[in-house]
Amino acid sequence: MEHKDLVREEFTRQANDYATAPAIRDAEHLRKLVEIVAPAADARVLEVATGPGHVAMAFAAVCREVVGIDLTDAPLKIAETMRAERGIANVSFQKGDVESRLPFKDGEFDVVVCRFAIHHFAAPEKVIAEMARVCRADGLVAIEDLIASERPERAAYYNEFERLRDTSHTSALAMSELIKMMGAAGLEIVRFTSHGYRTPVSQWIKAANASPERAAKALAMVERDALEDLSGARPVRIDGEMYFTYRIAMLVTRKLPPHAV
């Protein structure tokens, strides 16, 4: 099975749970993402891997037009249902594959954004290059994603229990890796931030609808991590519930004009 097939399978199976997960639909989190990107009111925005469309609709509230594109039908149907229910006229959703080639012209968008999806791509450098291609010169390319430790062995431990929980997970990148890929695509960082997001492990497992066997293995790794500090996720038990902390980075970059690359 190709990785793209795994992605389609996972996000078809977990579409409803993913769409309602607190970390995905949190209004304050969405507001902060829009705020750090700071798009112009007349901007045309593309969201790559839009999923249930929460990010696209948040940008639609402040921008002229937003297009959301995704590989999988099930979350796109959820996004379109929500768009219609909310009566949002300046956002549209379509199916497409960013790891091949987006169905858009060079420089077609003022802003291109991707949230919580880079760690699902088999070739993230191709995705970032394609995001840069469809962004105009001096436009903005923004990525928000999980980040892993700069220590390879700690990043590997973290990514292993993420893959157990969700087979479509490839690798959360270290911040330095993500910055290097963006630089190679002709993008220059203009602002960034990072923060932790503590989540209950039970909710984390539920959101991916993991099988009991894989969920048990992931939980065992998290519990070991709580004792031995193996990943940087800093698991901790509070009132009987196990939590760990996602490390999340938001990076906003400018696409350099050809003469500056």
Side-chain angles (χ1 to χ4, degrees), residues 6-7 9-33 36 49 51-52 54-55 75 78 114-121 124 143-178 192-251:
L6 275 177
V7 170
E9 181 181 277
E10 285 287 355
F11 280 93
T12 297
R13 186 166 52 84
Q14 63 179 272
N16 290 322
D17 286 331
Y18 184 83
T20 58
I24 300 303
R25 61 181 173 83
D26 182 87
E28 180 62 14
H29 196 119
L30 291 164
R31 184 194 65 77
K32 288 179 179 178
L33 175 59
I36 193 173
H54 296 302
V55 172
I78 293 172
C114 181
R115 182 180 77 143
F116 295 160
I118 294 296
H119 63 276
H120 290 292
F121 293 119
I143 290 174
E144 178 179 9
D145 206 57
L146 313 180
I147 52 172
S149 174
E150 295 291 331
R151 296 282 297 274
E153 69 280 6
R154 292 172 68 78
Y157 192 92
Y158 172 72
N159 282 308
E160 185 177 350
F161 67 67
E162 285 281 12
R163 281 190 289 269
L164 279 169
R165 184 273 257 199
D166 180 353
T167 59
S168 71
H169 181 102
T170 53
S171 290
L173 301 171
M175 176 77 89
S176 61
E177 293 177 292
L178 186 56
F192 70 94
T193 185
S194 67
H195 64 279
Y197 188 94
R198 180 177 282 177
T199 189
V201 172
S202 60
Q203 193 178 85
W204 169 71
I205 289 172
K206 180 180 182 294
N209 199 11
S211 72
E213 181 182 3
R214 297 182 72 88
K217 289 180 179 178
L219 180 57
M221 288 191 71
V222 173
E223 289 176 338
R224 182 184 173 195
D225 198 6
L227 296 173
E228 301 181 40
D229 188 17
L230 298 170
S231 77
R234 308 302 296 271
V236 61
R237 194 172 293 278
I238 302 173
D239 295 330
E241 174 81 66
M242 182 69 81
Y243 293 78
F244 76 83
T245 301
Y246 283 118
R247 293 304 309 173
I248 298 171
M250 295 181 183
L251 298 96

All heavy atoms of A172 vs all of I147, minimum pair found to be CB-C, 4.4 Å
Does this structure show an ion pair linking R31 with E28, if we count only N-O contacts that are shorter than 4.0 Å?
yes
Q) Is D145 close to L173 at the side-chain level, that is, under 4.5 Å between some pair of heavy atoms? A) no
* With a 4.5 Å heavy-atom cut-off, do I248 and L146 have their side chains touching? -> yes
Yes or no on side-chain contact (heavy atoms from CB on, under 4.5 Å) for E162 and Y246, after CA distance, side-chain angles and deciding distance?
-> CA-CA 11 Å; E162 285 281 12; Y246 283 118; 3.3 Å; yes
Smallest heavy-atom separation, R214 atom then L164 atom, equals NE-O, 2.9 Å
Shortest non-hydrogen pair, A174 vs S149, comes out as CB-O, 3.6 Å
Rounded to the nearest 0.5 Å, the OG1 atom of T170 sits from the CG atom of N159 at a distance of 7.5 Å
message: Is any side-chain heavy atom of I36 closer than 4.5 Å to one of E144?
response: no
Practice item. Check step by step if side-chain contact (heavy atoms from CB on, under 4.5 Å) holds for S202 and M242. Key: CA-CA 8 Å; S202 60; M242 182 69 81; over 6 Å; no
Requested in this report: May I ask you to test the M250-H195 pair for a side-chain heavy-atom distance under 4.5 Å?
Outcome: yes
Taken to the nearest 0.5 Å, the spacing of F121 CZ from S168 OG works out to 10.5 Å
Within 6.0 Å of CD in E228, more than 12 heavy atoms from elsewhere
yes
Is E241 reaching over with its side chain to a backbone N or O of P200, donor-acceptor style, under 3.5 angstrom?
no
By ring pair (Phe, Tyr, Trp, His ring centres under 6.0 Å), F192 pairs with (sequence neighbours left out) none
Looking at R25, I'd like to know if its CZ atom is crowded, meaning that more than 12 non-hydrogen atoms belonging to other residues, nucleotides or ligands lie closer than 6.0 Å.
yes
Rounding to 0.5 Å, atoms NZ (K206) and CD (Q203) come to a distance of 8.0 Å
I'd like to check H29 versus H54 (side-chain heavy atoms, cut-off strictly below 4.5 Å). Are they in contact?
no
Nearest heavy-atom approach of M221 to Y157 is O-OH, 2.8 Å
**Report entry** Beyond-backbone contact of F244 with T199, side-chain heavy atoms, under 4.5 angstrom
**Finding:** yes
Mind telling me whether H119 and H169 have parallel, tilted or perpendicular rings, with 30° and 60° as the class edges? tilted
Output for pair (T193 OG1, K32 NZ), nearest 0.5 Å, gives 8.5 Å
Side-chain donor-acceptor contacts of residues 229-237 below 3.5 Å, not counting sequence neighbours, with atom names and distances?
unit_1, atom_1, unit_2, atom_2, d
D229, OD1, R154, NH2, 3.0
S231, OG, D225, OD2, 2.5
S231, OG, A233, N, 3.0
R237, NH1, G240, O, 3.0
R237, NH2, E223, OE2, 3.4

G196 and T245 have their tightest heavy-atom pair at CA-CG2, 3.7 Å
Rounded to the nearest 0.5 Å, the CD1 atom of I205 sits from the OG atom of S211 at a distance of 10.0 Å
